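Encoded as structure tokens, the structure appears first; notes follow it.
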Amino acid sequence: MPQIQNLQINAERLWDTLMETAQIGATAKGGICRLTLTDLDRKVRDWFKARCEALGCTVSVDEVGNMFAHRPGKNQDLAPIAMGSHLDTQPTGGKFDGVLGVLGALEALRTLHDAGYETNAAIEVVNWTNEEGSRFAPAMLASGVFAGVFTPEFAHTRQDRDGKAFGEELARIGYKGAEKAGARKFSAMFELHIEQGPILEDEGRMIGVVQGVQGMRWYEITIAGQEAHTGATPMRLRKNALLGAARMIERIDAIAWEHAPDAVGAVGLLENKPNSRNVVPGEVFFTVDFRHPEDKVLDTMEAKLRASLAEILAPLRLAYSETRIWNSPPVKFAPELIECVRIGAEKAGFKWRKMISGAGHDAAYVARVAPTTMIFVPCAGGISHNEAESTSFDECTAGAQVLVQRG
Ligand code: GLV
Ligand code: MN
Ligand code: MN
């Protein structure tokens, strides 16, 4: 058994792997469009499975498509240590969001394999299904099932905007496994991820030692007006649903500003019906995303949203319905794991800082059932959910190195 003090990941191999899988769903602007449970998702899953099996790992899939590549350890009585993230992307996603966490963990496996190093506990590399929540809301859906937040039935019956069900799409791509979600236990879970914000880059630091994740709430709102001729209908008779939505979008932005700098809010998806240039819009569907590290501030923002809907839409003679479809409370990560990451970053010689995650992550749900934390690395200009998302060779290397670094 070799005595290895410091395993070193193979930086070129990690980078090549990131660039190779970025071809699966590559966009003209240098990003990735690989929505969950599409044929491209199947392709990257097949790739991931084959690479893990080539290292002698057993790959299992649970009932919501979460994938677990198992590398045995010396002590079978210890629950595995998990590492991973997600391989799905936004429609105009970058090359690193989620992917770095899975491929960084694969690189950790390869490094252990090359060194012939046997860990005490088994290692499991995880690809969580539908982290993004772009095609099927809410985000972190399958890690949520794993953690007991959602039932498998809830996940299977989520529909995309074309009416396709998650469960059917999962079966269609061949990744509806037999294993009960949550049946497997972890002694720890580490998720490597890009920061998706500007703090590390601004301060010239390499590693974010993540303390927790802020709270998130998603709402769906439909405004109902009346379709009418844009030429012949006097202004006083119109019930313009898009006008109501426009005023609400301004108000939602203002609500976030009222609680800035920690609060954020946006309308990200909007569907205008019938979307014809000479019809007064009769119906608008849109979504709201509010985030803040404290639940009580989110309560206030939610109350303001509800009051504003009534105040703004009534004078326009518009009806509406509003549903809060997701509430992911603020999360605190496990102190003993946070300390491991801090020590790992120090030992590897990286400048680090403590931080809270602004983005949602599978780690936020897994933290309910296993000690969990995250490792952040910078991304240029803090830009993410964008094809221009960019994390350098050295930054990717640093994050994966912390995954294997001995304390
Ligand atoms: C997931 O990417 C989220 O933060 O919405
Ligand atoms: Mn992500
Ligand atoms: Mn994302």
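Atoms within each ligand, like the ligands themselves, are counted from 1 in listed order. Predicted model, so just to flag it, every value in this text is computed and none were measured.
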- How does His385 reach ligand 1, by side chain, by backbone, by both or by neither, if only non-hydrogen atoms under 4.0 Å count? side chain
- Message: By the definition ring-ring contact (aromatic ring centres under 6.0 Å, His included), identify the one residue from Phe376, Trp128, Phe333 that meets it with His361.
- Response: Phe376
- Task: Answer yes when Lys180 and Glu63 have at least one side-chain N-carboxylate O distance shorter than 4.0 Å, and no when they do not.
- Result: yes
- CA sep, side-chain torsions, deciding dist, call: Leu316, Asn240, side chain to side chain contact (heavy atoms under 4.5 Å, CB included): CA-CA 8 Å; Leu316 298 172; Asn240 184 339; over 6 Å; no
- Query: Would Glu132 count as a contact for the Mn ion (ligand 3), in the sense that one of its N, O or S atoms lies under 2.8 Å from it?
  - Reply: yes
- Task: Report yes or no: does a heavy atom of Gln196 sit under 4.0 Å from some atom of ligand 1?
- Result: no
- Task: Report the C-alpha separation of Phe190 and Thr373 in whole Å, then their side-chain angles, then the decisive distance to 0.1 Å, and conclude whether the side chain to side chain contact (heavy atoms under 4.5 Å, CB included) test is met.
- Result: CA-CA 5 Å; Phe190 294 90; Thr373 197; 3.8 Å; yes
- Query: What protein heavy atom sits nearest atom 1 (C) of ligand 1, and how far away is it?
  - Reply: Glu131 OE2, 3.4 Å
- Task: Starting from atom 2 (O) of ligand 1, locate the nearest protein heavy atom and write down its residue, its atom name and how far away it is, to 0.1 Å.
- Result: Glu132 OE1, 3.1 Å
- Query: Is it true that some N/O/S atom of His385, main chain or side chain, lies under 2.8 Å from the Mn ion (ligand 3)?
  - Reply: yes
- Query: Should the pair Phe68 and Phe186 be assigned to parallel (<30°), tilted (30 to 60°) or perpendicular (>60°) ring geometry?
  - Reply: tilted
- Message: Counting non-hydrogen protein atoms only, what is the nearest one to atom 5 (O) of ligand 1? Give residue, atom name and distance.
- Response: Arg291 NH2, 2.7 Å
- Query: To which protein heavy atom is atom 4 (O) of ligand 1 closest, and what is the distance rounded to 0.1 Å?
  - Reply: Gly360 N, 2.7 Å
- Is His86 close enough to the Mn ion (ligand 2) to have an N, O or S atom under 2.8 Å? yes
- Message: Nearest 0.5 Å, please: how far is SG in Cys379 from NE2 in His193?
- Response: 9.5 Å
- Message: Any non-hydrogen side-chain atom of Glu107 less than 4.5 Å from a side-chain atom of Thr17?
- Response: no
- Query: Roughly how far, to the nearest 0.5 Å, is the CZ atom of Phe290 from the CD atom of Glu302?
  - Reply: 9.0 Å
- Item | Contact flag Asp97/the Mn ion (ligand 2), N/O/S atoms, threshold under 2.8 Å | yes
- Note on the structure: Atoms of ligand 1 under 4.0 Å from any heavy atom of Ala359, numbered from 1 in the order shown, are 4 (O)
